[in-house]
Peer 1: 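Got a structure for you, written out below as structure tokens; questions coming shortly.
Chain identifiers are assigned alphabetically (A, B, ...) following the order of the sequence lines, protein sequences preceding nucleic acid strands; residue numbering begins at 1 within each chain.
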Amino acid sequence: MEHIANREITGKPSCNRSAFFKARYLDAPLMVDIEYIKYLTESNRKTGGTEVLIRRATDHAWALSHMTPVINENDVLAGNKTRFIRGAIPYANYAASPFLKEMRKEEQDAQSKHTAQGIGGGIGKAMKEAAGKGLRLISGKFLIGTDDFESFKEICEYWEDKCFMEQGDLLWKKNFPEAQFIENGWKIGLYTAPHEPCPEGRLILDYETAVGRGYRAIIKDIEEKINSETSGPDSVFTGSDSDFSRSKGNIAEGQISAGNVSEVHASRLEFWKSAVISLKGAITFAENYAAEARRMATLEKNPVRKAELEQMAATCSRIPMEAPRNFREALQSFWFTYLLGHIEGSHLGYSPGRLDQVLIPYFRNDPDMTIDQAVPLFEELFVKMTQIEYIASLSWQGLGHGNLYQNLILGGVDGDGNPADNDLSLAILQAQINMQMTQPTLSVWWSDNLSHEFQMKAAACVKTGVGYPAFFNQKTYVTHELNTSGLPVEVIRRNCAIGGCTEPTLQGMSYGIVQAGFVNHGKIIDLVINKGVDPQTGIRMYPARELKTYEDVRLYYLDIMHAAIRNWQQYWNIVMIAHRQTVPLIFCSVFVNDCIASGKCMDDGGAVLNSSITTLSSGLVNVSNSLAVIKRLCFEDKACSLAELFYAVQENWNGFEMLRKKALAVPHWGNDDDFADDIFLDLFKEYCNWVRGQNNFLGKPYDPSMLAISTPVPFGKVCEAFPDGRMSGEPLADGVTSPFPGTDLGGPTAVIRSSSKVDHTQIRGGLLNLKFHPSALKGDSGSENLLALIKTYFEKPGFHVQFNVVDSRMLKDAQEHPENYRDLVVRVAGFSAYWVEMSKALQDQVIWRTEHTI
Amino acid sequence: MKGNIFAIQHYAVHDGPGIRTLVFLKGCPLRCDWCCNPESHSSKIQLRYIPFKCRLCNRCLPACPVHAISVQDGTLRHNFDLCKECPGKPCTDACPYGARTLSGSEISADDLLDTLSRDMPFYRNSGGGVTFSGGEPFHQPKFLLEMLQRCQSAGIHTAVETCGWAAESDIRQAIPLTGLFLFDLKIIDPEKHLLHTGKPVGPILEYLALLAAEHPQVIIRFPLVSGITDTWENLNDILNIMNKNGLTRLHLEPYHSLGADKYEEHGLNYTLQNLNHYESGDLESFRQFFISGGLNCEVI
């Protein structure tokens with residue numbers, strides 16, 4: 001037996017406190033905490049009849065003011081999302097029906113049988129404890145107390161007809177002519193499950209302002225706006241009476257006609273008032289922490305801990321209300337704002353952004369703070385971020401695999417184009433090397449002139465095998481955003497960050513929600529082969545068509561793809577009307593420019609950037625490979641007829657093994673072969689152009705994007721065999737430009753050469769997974785070579801690359817002996833996960849693709 | 001001009017500086033017991049039969065013109081001796097499952113250079129290049145020299161990994177075309193060398209001296225094979241030879257058995273069964289031995 005190759009770098013927590021936090025996390029079961037939603041519902045029962053924004057802010061503030069402040073043993077940073085170590089808030093106000101269906105033992109949605117969750121780690125612990133302690137298990141992996149279970153059921157029943165999902169359904173199911181196409185699309189696996197249970201995210205708040213000014217100053221600004229609107233010289237009330245329509249015509253930047261002036265005034269006032277309400281609720285939240293810390297300090301016997309609690313009480317009495325006086329206060333201020341925004345919505349991909357840039361002024365001006373002292377603070381922050389769980393429908397829990405995609409991106413260049421990596425960039429990398437937590441989703445903005453020390457530290461972090469950081473090419477995105485938004489290049493460079501797994505955005509100024517569901521390109525191949533009918537359900541999705549030439553096949557694919565995407569976009573545009581009416585984000589809007597200045601929340605278009613809304617898809621590599629095989633075998637070599645190839649595929653290649661061999665011998669994507677690659681490039685271009693042809697719900701064109709999360713597994717599961725040689729049910733190719741496992745014969749350099757032919761400036765996103773055996777990155781020279789590889793890809797320019805560094809034998813051993821691998825982390829797709837908490841199917845996929853390493 | 005190769009490996013990072021492309025030329029004059037690339041021995045294209053991929057569909061039986069394949073008691077047997085003279089080896093086309101493949105292929109100098117040049121940006125950014133290995137690259141001297149010449153003209157850094165069994169004129173021609181020599185040195189004792197590699201060590205040491213005198217970049221590669229090369233006597237001999245020739249850089253290559261299956265798959269015998277693998281502590285003590293002898297030594 002050969003030895004399993006270990007990863008070269010194995011960090012450990014910098015201090016006992018961090019080690020304690022990590023051990024406590026790894027030992028904790030997953031819990032549901034209904035406290036927030038209980039108070040939100042309590043308020044909502046009373047606020048009926050109030051204007052939507054005011055009501056939303058009032059309910060949220062009420063819940064914030066009443067949540068239990070939880071300071072756990074050894075905590076230095078104050079603030080937790082739930083009362084548990086690993087806890088999730090069940091947002092029934094977004095979607096109550098998935099929970100109710102589960103409680104009523106009904107199928108949640110057509111997708112839930114195709115997605116799977118893990119059963120080990122904290123999930124296994126929850127299952128065991130559920131049996132032992134009279135707790136109930138909910139959503140497959142969360143524990144909930146029996147009393148809470150009953151209360152939560154009542155809460156869900158209250159929201160059943162009021163929640164975002166139900167209100168959205170009422171709109172689109174009645175008003176959208178293609179509603180049946182969407183419903184059928186779910187049944188056949190053309191689309192991922194409805195995303196209303198966790199639609200928020202990809203959002204990065206303006207932490208520079210939140211931290212730098214403090215809430216009191218911001219409230220004062222808003223109150224002045226309210227005052228000048230109601231009583232100042234520009235007041236709408238100036239004049240003989242309060243007739244809004246007689247006010248000056250220049251309000252709202254002169255964009256509105258006289259006819260709806262009163263409406264605009266009303267909504268500006270309501271937004272500003274609701275903003276103040278939510279900020280005041282947030283202040284109470286912090287003050288409750290101050291009181292709790294003070295209470296605990298008086299009871300504390302240990303003088304060291306007592307002093308820490310007193311310090312925490314003092315900090316929470318002035319943070320986030322005032323500007324910080326030192327680095328610790330700045331970090332606390334960031335964390336409060338981050339957490340408060342997180343509590344407000346059911347987020348996936350809500351991200352801290354460029355934290356090294358936001359915090360560096362406080363670090364530099366704090367004479368008592370060193371890198372070594374900052375590292376443990378970040379270690380605690382990372383544990384706190386990982387402790388946030390989300391509960392949604394089973395389908396989305398399976399797709400997201402428990403990951404919240406909280407993207408923290410380091411380095412890059414500043415507004416003038418100078419390298420921006422700093423001491424905190426190093427400290428944050430060191431904290432991740434030490435802790436190897438699955439959150440934050442750590443990333444690096446690549447620029448050739450980042451310091452060598454920072455680059456080598458990033459490579460060292462990769463070599464831990466934790467899958468972080470992912471590398472993103474800043475100049476590629478800057479070009480994309482220049483072309484899309486036309487904002488000044490300095491603004492783009494300075495604020496660009498990643499919201500979620502791999503989607504770039506501008507922090508503090510972008511609308512967050514995307515069309516988070518995915519279109520399954522693979523399913524369209526099934527439809528092409530079966531004359532527009534889904535072979536697994538018999539549902540007709542598209543009219544049959546006679547296919548005589550390669551161009552016929554290509555056009556048939558494109559036409560079905562067009563219908564699939566356009567319907568998907570239009571459906572979502574209708575759903576999002578309900579978002580404004582049920583769950584608009586008020587607190588978050590305060591920290592997205594220019595919502596306050598314009599008096600509009602994000603749902604009303606208050607963000608500077610509203611073209612950040614993407615349409616997502618996955619599986620294009622398999623489509624491209626299939627078309628390559630059809631073109632070569634049926635029309636160029638005439639090795640078989642199209643009918644014969646389709647028949648072989650319908651038979652899952654049984655009895656057609658020789659034909660399958662020929663299909664696999666046709667060049668596939670990822671080998672730097674122009675025949676195969678040109679087909680991918682053509683499809684990619686068609687996809688991008690088509691996506692842009694539809695405006696989003698805020699009036700800007702949808703932005704094309706592709707990413708993967710866990711979709712290759714469930715999307716593959718619903719698809720029959722493909723002409724590219726893939727067998728029925730096998731996962732699709734992962735990532736966006738990653739080759740199908742086993743078909744990349746030219747090694748990673750050929751994969752990169754293929755991938756670099758794609759014009760990544762066309763899309764908001766992109767994803768390339770590369771896997772390395774630990775020995776390929778050994779030593780300083782191994783790190784230097786890795787960096788050279790990244791540099792070469794980004795010269796082309798590519799957009800994103802991430803690395804899994806693991807010996808596949810270790811993964812197989814971990815499947816057999818999970819007890820020895822509780823803290824093993826691997827990269828999946830745009831995120832990393834604890835091995836033991838991944839589903840068996842996803843584990844198998846990672847092993848499968850890991851075996852094709854150099 | 002054409003050469004015979006059995007693999008090209010991209011992103012090779014252990015065989016010279018930077019990111020490299022490794023070209024494995026077929027054919028070797030030595031037969032080292034521990035060799036992990038048995039398909040490199042013969043310079044001819046060979047059949048490889050991989051039993052675990054075989055599903056006993058028997059499609060290969062009628063396809064074989066030399067009657068080398070038979071099925072007895074549900075087991076497929078293959079006579080590799082008969083197979084040697086079969087020109088096209090059509091059984092490989094008949095197999096749908098990849099259980100029958102060819103080891104080795106002919107490639108023209110033009111095509112090979114095209115393949116190698118594609119990774120130019122990786123070489124440039126990493127200080128890498130191309131390494132010719134094998135087999136023994138000097139076993140196809142004309143092709144090797146042609147490729148070295150072409151790479152040099154294209155601005156690609158070159159390395160040659162050799163066992164030192166070559167014609168002097170070929171080595172002399174290669175010296176100005178080669179950026180780095182990786183020289184495999186196994187056993188210094190003449191009898192043992194002959195026993196375990198099939199060739200005398202004398203000429204190899206002569207060429208080592210020639211290279212050491214004429215070329216500034218020579219790294220010695222030394223395979224650690226338990227009980228065969230890792231005796232203290234041999235370790236001392238290696239150290240002395242290096243010191244004598246003024247060589248300071250040494251790569252230790254610990255034995256592994258990953259190539260064992262390939263012997264059977266090519267109809268060859270693997271003689272080193274159940275050999276010990278090294279623990280990292282063992283390797284470190286070997287490394288320290290050479291470092292204390294004044295060498296720059298790393299484990300590959």
Peer 1: Are B:Arg59 and A:Glu657 ion-paired here, with the side-chain N under 4.0 Å from a carboxylate O?
Peer 2: yes
Peer 1: In this structure, are over 12 heavy atoms from other groups packed under 6.0 Å from B:Glu264 atom CD?
Peer 2: no
Peer 1: Measure the CD1-CG distance between B:Ile19 and A:Leu789 for me, rounded to the nearest 0.5 Å.
Peer 2: 5.0 Å
Peer 1: Checking heavy atoms, do the side chain of A:Ser781, its backbone, both or neither come under 4.5 Å from chain B?
Peer 2: neither
Peer 1: To the nearest 0.5 Å, how far apart are OG1 in A:Thr792 and CZ in B:Arg124?
Peer 2: 7.0 Å
Peer 1: Give, for atom NZ of A:Lys778 and atom CD1 of B:Ile300, the distance between the pair rounded to the nearest 0.5 Å.
Peer 2: 6.5 Å
Peer 1: Indicate yes or no: at least one non-hydrogen side-chain atom of A:Ser775 is less than 4.5 angstrom from one of B:His14.
Peer 2: yes
Peer 1: Quick check for you: among A:Arg660, A:Glu784, A:Glu795, which has the greatest number of heavy-atom pairs under 4.5 Å with chain B?
Peer 2: A:Glu795
Peer 1: Rounded to the nearest 0.5 Å, how far does CD1 of A:Ile752 lie from NE2 of B:His10?
Peer 2: 12.5 Å
Peer 1: What's the spacing between B:Tyr11 OH and A:Leu786 CG if we round to 0.5 Å?
Peer 2: 5.0 Å
Peer 1: Measuring from B:Met120:CE to A:Thr749:OG1, what's the distance to the nearest 0.5 Å?
Peer 2: 13.5 Å
Peer 1: Within the supplied structure, the quantity of interest is the number of heavy atoms (other residues, nucleotides, ligands) at a distance under 6.0 Å from A:Asn449 CG; does it exceed 12?
Peer 2: yes
Peer 1: Heavy-atom count check: over 12 atoms from other residues, nucleotides or ligands less than 6.0 Å from A:Tyr647 OH?
Peer 2: no
Peer 1: What are the two closest non-hydrogen atoms of B:Ala94 and A:Met658, and how far apart are they?
Peer 2: O-SD, 3.4 Å
Peer 1: Please report the closest heavy-atom contact between B:Gly18 and A:Asn785, naming both atoms and the distance.
Peer 2: CA-OD1, 3.2 Å
Peer 1: Please identify, among B:Gly98, B:Pro17, B:Cys95, the residue contributing the most non-hydrogen atom pairs under 4.5 Å to chain A.
Peer 2: B:Cys95
